[in-house]
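Please read the structure below before turning to the comments.
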Amino acid sequence: MAASKKIIAEVEQLRNEINQHNYRYHTQDDPVISDAEFDRLFRDLKSLEAKYPELISDVSPTQRVGAAPLSAFSQVVHEAPMLSLDNAFVEADVLEFDHRIRSRLQSDEEVAYACEPKIDGVAVSLLYEDGKLVRGATRGDGTTGEDITRNVRTIESIPLQLLGKGYPSRLEVRGEVYFPISAFTKMNQRAQSRGDKEFANPRNAAAGTLRQLDSRLTAQRKLAMFCYSVGLVEGGELAEKHSEILQELAIWGLRVNPLVETVLGAAQCVQYYKGICERRESLTYEIDGVVFKVDDIGLQQKLGILTRTPRWAIAHKFPAEEGITRLNDVEFQVGRTGAITPVARLAPVKVGGVTISNATLHNMDEIDRLGLMIGDTVIVQRAGDVIPKIVSVVLEKRPSKTTNIELPQTCPACGSEILRSEGEVAARCTGGLSCAAQQRESIRHFASRLALDIEGLGDKLVEQLVDEGLIDNAADLYQLTEAQLVKLERMAPKSANNLLEALENSKETTLPRFIYALGIQEVGESTARSLAMHFGDVAGLLEADEALLQTIPDVGPIVANKIHHFFQQESNLAVIDSLIGFGLRWKVEDTGIIANSLAGETWVLTGSLNSLTRNEAKARLQKLGAKVSGSVSRKTTCVVAGDAAGSKLVKAQELGLKIIGEDELITLLEEYGA
Ligand SMILES: [Zn+2]
């Protein structure tokens, strides 16, 4: 049945209402109806669209859920380059910036600046044609970015259709997509409880989420956006001041930061900076400074651009995130393979809004290098995406009483001897699988996402199970009973059953995952894959000697020795036997490789690729069974030369190797279904 005029009007009306409420909620933070009422409107629209599918359109608010995964992002050449900003780190830099502007304009008058917080996210360009969102792209190198349209469509503060009237027929809006701190924290909590890898910070998480090939994942993760400038403008005109353009964008439904202010002169810019510094911790998103822009667009044009940097704007960055505190103690943690890692326990200190009480020290060499002693005053740095570290000791503040940091002679977890073998940086517990710490870490590894991926078996639970003496090794997991589990703290019958079910499901796995899960020292994912490829089953691997192992791509003498040694240990063989006895299985052909089309080949990637990252290209080639190497040799099968390829390309030409470009690579990957 075709939709009547009445139905069409009703759908239109519902969409308008939902868009308006979305705008009030996500952009203005000022909802006028309850969530329940909103849900009702949404349901009504969905049911009408289900009844009359011909009425579904791209701009319907129901179409934000994401779509089937892409195999790669295509490239977008920005119509107007996306510029980068010059940085100011101290007040004097801001005064000088203002001075340069006035002398260039030959004016003594104070300049009006638009000031805004600098969001620590990912720069994105949105293209609207006749008010309809037609493209979203990453900044890339400023000239060329990636087409992430499907992903930006899932972000609720980005309108699919501009509101109101009067917008130019083609309008490119730019801004920052970011992860709200609360959503970020929740996501990491979930990852932690599943034993998955956590994101280091909201910016990395936003970048990773925006570049998901599966936009349905992006949709689940509640990103947000603030718009801060325009690029291309055709078929219409915008206001003559930057601050007024932002107001226009807001009227059309685009989200603009509420802390934008216009000030007069450099002194007020500095005031603004100080004000934002004070508010920084109370914001619901992370910022890394503020931006000052000459407000008058005519003056901006007069000032122009110096290479890729506008002369009319500057980012005043917050200082590097460092703090000063006291080293209270050093504890030694035991890793999966027995490696002993010193961890600094610090008097809690706030660095960049985050309280830090631990820092990594890597190994004993690092402690020597720093000349560190317990009781010392130290400078700690939080470098955005890594675990905090100690950068130096403040010797002037060294108290009269300090204690040397010494490697313990015995393992803090099991009491076995600790040895540091020659040529190795790490010291290790010699307790092997009888060491509770190593048991715990190897079981965590076994259950981790890239290994058997056992949902619900998080770090805390593994610790509890080991401490209670319920499990010693990975095979013991499969003997756990509901009666044992429900006795644990915070374990309801339902979660116990879920865990048992997840364990049951994990029995069906792939060979590379299984080999990786064993936790053999030096055997990461890619080596596990090579071993799986070569042996096709566990039996051959168990019997392989070092010479045979070394014929496998990825396996050198050290790795071969570790693998051989691992399978010489009776305790390891017993665990493998029990696992197989409990029904762990993998199909031989199910090795995680889509096709062995490139088996036995060695590929080298050089230069920069545009439509996919080097890691993606590597992963996809590996899926086809190729080995991806970092250096060109006679053994190389094929070299992929991206932009600005250098010495590796030259060498490949000298050796007369096969060389292909990015486009050919993509064609090939697609042909083989990787
Ligand atoms: Zn130990």
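Bear in mind that the values here come from a model prediction, so they are computed numbers and not experimental data. Order of appearance sets the numbers: ligands from 1, and atoms from 1 within every ligand. Keep in mind that the numbers below use all heavy atoms, side chains included, and drop hydrogens, waters and symmetry copies.
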In this structure, CG of Leu210 is separated from OG1 of Thr218 (nearest 0.5 Å) by 7.0 Å
Check this for me: does any side-chain nitrogen of one of Arg585 and Glu508 sit under 4.0 Å from a carboxylate oxygen of the other? yes
Residue pairs involving residues 392-404 (criterion side chain to side chain donor-acceptor pair (under 3.5 Å); sequence neighbours excluded): Asp376-Arg398
Do Lys389 and Glu366 sit within salt-bridge range, that is, some charged N less than 4.0 Å from a carboxylate O? no
Interatomic spacing from NE2 in His565 to CG in Asn572 - rounded to 0.5 Å: 8.0 Å
Are any of the side-chain nitrogens in Glu525 or Arg513 under 4.0 Å away from the carboxylate oxygens of its partner? no
Sort by chain and number the protein N/O/S atoms that are closer than 2.8 Å to the Zn ion (ligand 1), and list them. Cys411 SG, Cys414 SG, Cys429 SG, Cys435 SG
